[in-house]
Each structure stands twice: as C-alpha cells, then as structure tokens.
Amino acid sequence: MAQHDNKTVAEILARVADLMEIRGDNAFRVRAFRRASQAIENLAEPVSSMLEAKTLSDIPGIGAGAVARASQIVESGTCDDLVQLEKDLPKGLFEMLRIGGLGPKKVKLFYDELGIADLDALETAARAGHLAALPRMGAKSQAKILDEIEAFRRRSGRIPLGVALPQGHAIVEVLRALPGTERVDLAGSCRRGRETIGDLDVLVAADESQEAMDCFVNLPAVAEVMLRGDTKCSVRLDSGLQVDLRVLEPASFGAALHYFTGSKHHNIAVRDRAKRKGLRISEYGVFCESTNERLGGASEEEIFAAVGLPFIPPELRENRGEIEAAEAQKLPRLLEAGDLRGDMHLHTTDSDGKADAVTMVRHAKSLGFDYVAITDHSFGLPVTQGLDAAGLVAQRERLRRIQEEVGGIEVLAGVEAEILADGSLDLPVDVLREQDWVIASVHSGFSMGSEEMTARVIAALDSGVVDCLGHPTGRLLGERDAYAIDLEAVLQAASRAHVAMELNAAPSRLDLNANTCRRAREVGVPVVISSDAHALEQLGALELGVTTARRGWLESKHVLNSWSYEQIQAWRAQRLP
DNA sequence: ACGGATTGCCGTATCGGCCAAATGGCCGA
C-alpha cells in the first residue's frame, strides 16, 4: 500500500498549500509545499521506506520541513500545519476549490470580501449578483460559477466505478470466507459496470443471516451502521460509500441477484415477458401465475430460462435491445480481458511517467503482452516536460535497442501529441509519420464551443498521421464534465480518415463511454482500450475499460488491441501507404 | 520552505486562455 502512502502525503501537502494560500501566507512558502507534494507524488518508491532510509531529503524540492511533515502524515494521516489551518479556516472553503475555474485566489477573495465560506453561500452570492462587483470578477465569471456549481452538484453523490469496485471486492472477499455463506456477489449498477455508482449492493446466500450481518457491520471500513433489520442492513464506510447487504435463502439467490442487478428497465421488460407466458418473477423466484408453483430462482440462468432466454451478461442489462438480441440468439460474444494483447498508451520518465521505458517494456512483457506502445507526451503540454521532435527521434532509436535487448515483445515507438486550438498538431507531420503509433489528444482550450471543438478534432484526424484519438471527451469522472463536442461527427470523420478511438481505461476517465463505444462499433471505427499508465502498476490496468467496452456491446474484433501485431500493421498500412 | 551561492541571503515551473480592466491576475494542463 506504498502507493497509497505517497498519494495521501501528496494530497495533504497540496491541501495545506491551498489553505495556506487562502489564509494569505507567503507565496513562496506555498509554492514550496506544492513542489514537495508534486515531488512525493512522483516518487518511484514508497515515501515510508525513504523516510526510514533517510533518503527522502535527497529529492529536489524536499527539505527538512517536508521530511518532518511527510513523517507526521505517514504516522498519523495529518500534520500540525493542516490541523492549525483547519482551526483557522472554515471547512467549506476546501470544497469551493473543487468548483471548476475557482482556485485559491478566488476563494480567498470571496472569503475575505464577502465572508463566503461554503458552496451554498457562494451560490446565493452569485445569484444575488454580489460576485460580479468584486475586482477581477464580472457577469461572465459569475455566471460560469453558477454553471460549475450545478455541474459539481450533479456529479457528487456518485462515485467512479474504479473507486467503488475495490471496496466492494474487499467486502465480498471477507464475507465469502465465512463458513455459513454459500454465495456472495455484488449486484446493482456496480455489477453492470456503470461508470459511476450511487451505492453498493452486496447479496449473500446463507441459511442463517446473523453471521454475515454481524461480520458486515463490524468490518473495519464501516464508519456508521445506518439501518439493521433481520436480513438487510445498510452501512456507510469511512470513504463515504453506502453499502447495502441482503441475506437470502440459497433457493432465492439467483432471483434476487437478477432483481438487484437491474437495471430497472431491464427487469420490467423481463417481468413483462414472464407475464405473457403466465409466469411471475419476483426477487424470490419464478412462479406460475395460476398455481403459484415455484419454478426456479436459485440461479440467474433459471430466471432467464423460464422466459425462454439465454443468460444475458450483466453489462448488457439496460433494456437497450439485449432481450430482443437474446431471443434471436444474437447476443454479442463480448470482449474478455484475456483477449487484449497489448497496451497502446503509456508514459515514461521521458515525459511525466514515473518508470523508465525499459522498465515499462519489461513489465509489459511479464504481463504476457505481445506488443506495447510507448506514447510519451510531446512538448506542447509543457507541464509534462514532453518530447520535441529531436527528443522523439532519439527516443525512437532508444526504443529500437530496448526491443532487441528485452526481446519477445514488439515495442511501438509512439507519442501522445497535442491537438492545438486550430486543429494542428504540435509536432511536424513528417516526424509523426515516422512513429509506429500516434495518439492525438486535447489537453487545452476545453471551453470552446461544440462546433469549434468538433472542427478542431476532425482537422487533427484528417492530418493523415493520427492512429488514435486519445480520451475523446476529456471528462474526469466526478471532477470535470466532457468538453462540448459532436461525437457523432467525430466518429464519422474517424471512419473516413481511418482513425481509431481510444477507450481510456484510467479509473478517472473511462473515456469513451459505453454508448459511444457501441456507436463506434456501428460506424465501424475500431476502439483501443488503453491504460494511459503513468506508473508501473498502472500498466495493463485495462479491466474497467473491458467492462465499459462490454457495456458498449464490443466483441474482440471491434477492439484494435485484441488484434495481432500484424493485423494492426495491416490496418495502419491502409492509411499510411 | 527549498536550494544554491553572495556560507547570509536571494530567487523561486511552463504557458496559453480567459476575463476584467486597459496590462495583469488567475486558472488549469
């Protein structure tokens, strides 16, 4: 849990910096905290072991002060500065920083001038027109803040799949180990693989409910028991996630799993179908309407069989044609994790990655991949210290040698180039043409209108050298909405220009979403499921992408990195003669 | 607060876009 340590320390130092800035502390002191936070986030080894080895202060940007604070945070989860700041400042200020377009300076301004200390007060002031009167503010900024508050509220309350899933799996694992539990599974939107989750549903099959319930409410992660009945209880975890547990008789488990997995629309359609056959489906089983005889319910297969359908994978259960497809025996043979043969998007120390290229390639090989693309940022994204044309050429040569040295894996010399505001790329086309894999992405100018953004992206696709459009909507789950873009027009252009679309599998992105994946399939645009790894352990972390692709009805043939290396080359050759 | 040179003290991430204010602060990647 080394990585967790580093992340925690970095987050707290960054939080201290933000709060210090709001309090009006010395700007360079603030900057030092930010720098230390950044340095710790970028560490390749756990901060705790560097503290023990007394090597932490060797890192540029980390001096005696940062070492002391890191040590406090590792031990106690906080530090004196943060404790003091939380005493000095109202709690709501930190939440205000999560509003897009607001940084420490603006929050300070609102707090100092108007005493605004939380989101509600900010919203009230904006509605009353008080913000526009402040220096460096105006009607436009004020309106933007209202929009951003609304977007923030819309997002909050739902948790990214990648955050909820590990917590769910951990609970399932503990419950499965109990002697009295026959089956334990996650249900709900989490099982369907929705990109964000409201709460978790855990189902247990057991003859007796007390053992599982006792174990559940006493889990270390449980902060609060909200409700406890005979077979159902709800808790809130320390993370804020709500988890509902239901204990069922084994004979009803399949019916309950189906019922609680949903979606609601899917369930309604299945029940309607049952009704027409003279059956009744409830969370307890399948029953004959006239005789009330129980026809099944122990497994989901029994539920589907009762209405004359094959098993429908949870990811498809949205009543978006899956029942009709199942009836016609035309369900897709959905992509599986094992189908993927390579990772096509990752970063190394040549830009903002934490591990060097050799290490990443070796790791890709150890994961059993046939090929891997190294796709560092280009210089157009200055914050990543990316590669310019000369740097890219030099890296390409280095990667050729690494491929020979490591052996047994194809190493593609790639790049993640910037799509500039005018739709041009930040590296010359003749340099990009020599690369083995070119991702083009938008990392700037997010606020342009849909028409302009769409034209911008399509211009990049039409450059003739782009293989894949990176994270096509730019969204960050729970943090930032997608920028305005006409994805249908982009898909049409991608089809015409022979460019693939990325399904960026990073937990914070899942971009493309499932619906657009499905549309890509219909339009005939290949999807590339990539990790966008910036560290060793992120390489090959494609599971959330696989789930999303399955929700988008994708089969392995629709996913470019389930093809062989030769097939990919042949596909590229159609565009690059 | 950090780091390096002036060993006491001084300068300190990159860069474009946006908006408010008429050149500059703030934000975000």
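Just so you know, these numbers use all the heavy atoms, side chains as well, and skip hydrogens, waters and symmetry mates.
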When the distance from [atom1] of [X] to [atom2] of [N] is rounded to whole Å, what number comes out?
X      : N      : atom1 : atom2 : value
A/R31  : B/dC2  : CZ    : P     : 15 Å
A/I62  : B/dG3  : CD1   : C1'   : 13 Å
A/L97  : B/dG28 : CG    : C1'   : 13 Å
A/L13  : B/dA1  : CG    : C1'   : 11 Å
A/N26  : B/dT12 : CG    : C1'   : 11 Å
A/E479 : B/dC27 : CD    : P     : 17 Å
A/I145 : B/dC26 : CD1   : P     : 14 Å
A/F379 : B/dC15 : CZ    : C1'   : 12 Å

#### Entry: Heavy-atom donor-acceptor pair, A/R69 side chain to A/G65 backbone, under 3.5 Å
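Yes, A/R69 side chain to A/G65 backbone: donor-acceptor pair under 3.5 Å.
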### Query
Any sub-3.5 Å donor-acceptor pair from A/S495's side-chain atoms to A/L491's backbone N or O?
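No.
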Nearest-Å distance once atom [atom1] is located in both [N] and [M]:
N      : M      : atom1 : answer
B/dC15 : B/dC9  : P     : 33 Å
B/dA13 : B/dC2  : P     : 14 Å
B/dA1  : B/dT7  : P     : 22 Å
B/dG17 : B/dT23 : C1'   : 15 Å
B/dG16 : B/dG11 : P     : 25 Å
B/dA21 : B/dG25 : C1'   : 11 Å

### Message
Nearest heavy atom decides the nucleotide; on that basis, is A/G65 or A/G101 closer to the 5' end of DNA chain B?
### Response
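Result: A/G65.
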### Query
Which residue, A/F446 or A/P135, contacts DNA chain B at a nucleotide closer to its 5' end, judged by nearest heavy atom?
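Mapping each residue to its closest nucleotide by heavy atoms, the 5'-most match is A/P135.
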### Query
Looking at A/S141, does any N or O in its side chain come under 4.0 Å of the phosphate oxygens OP1/OP2 on B/dA20?
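For B/dA20, OP1 or OP2 has a side-chain N or O of A/S141 closer than 4.0 Å.
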### Task
Please determine if a side-chain N or O atom of A/K105 lies less than 4.0 Å away from the OP1 or OP2 oxygen of B/dG25.
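So the side-chain polar atoms of A/K105 never come under 4.0 Å of the phosphate oxygens OP1 or OP2 of B/dG25.
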Heavy atoms from C-beta onward define the side chain here; which of [options] lies closest to that of [X]?
X      : options               : answer
A/F33  : B/dA1, B/dG3, B/dC15  : B/dA1
A/P104 : B/dA20, B/dA1, B/dC27 : B/dC27
A/K106 : B/dA1, B/dC18, B/dC26 : B/dC26

Looking for any heavy atom pair under 4.0 Å, which part of the strands does [X] touch: base, sugar-phosphate only, or nothing?
X      : value
A/A139 : sugar-phosphate
A/A27  : nothing
A/A36  : nothing
A/Q38  : base
A/G445 : nothing
A/I59  : sugar-phosphate

### Message
Quick test of the criterion, 5.5 Å between centres and less than 30° between planes. Is A/F28 stacked on B/dC2 or not?
### Response
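Stack criterion not met.
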### Task
From the options A/D388, A/V415, A/I419, A/L420, select the one residue that forms a side chain to side chain contact (heavy atoms under 4.5 Å, CB included) with A/D426.
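Only match with A/D426 under side chain to side chain contact (heavy atoms under 4.5 Å, CB included): A/L420.
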### Query
Does atom CD of A/E488 have more than 12 heavy-atom neighbours from other groups under 6.0 Å away?
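Count over threshold, so yes.
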### Task
For atom CZ of A/R98, decide whether the heavy atoms of other residues, nucleotides or ligands shown that lie under 6.0 angstrom number more than 12.
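No.
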### Task
Using side chain to side chain donor-acceptor pair (under 3.5 Å) as the criterion, point out the one residue from A/R158, A/R475, A/R509 that pairs with A/E195.
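Exactly one option meets the side chain to side chain donor-acceptor pair (under 3.5 Å) with A/E195, and it is A/R475.
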### Query
Regarding A/D511 and A/T473, is there a side-chain donor-to-acceptor distance under 3.5 Å anywhere?
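Distance-only check passes for A/D511 and A/T473.
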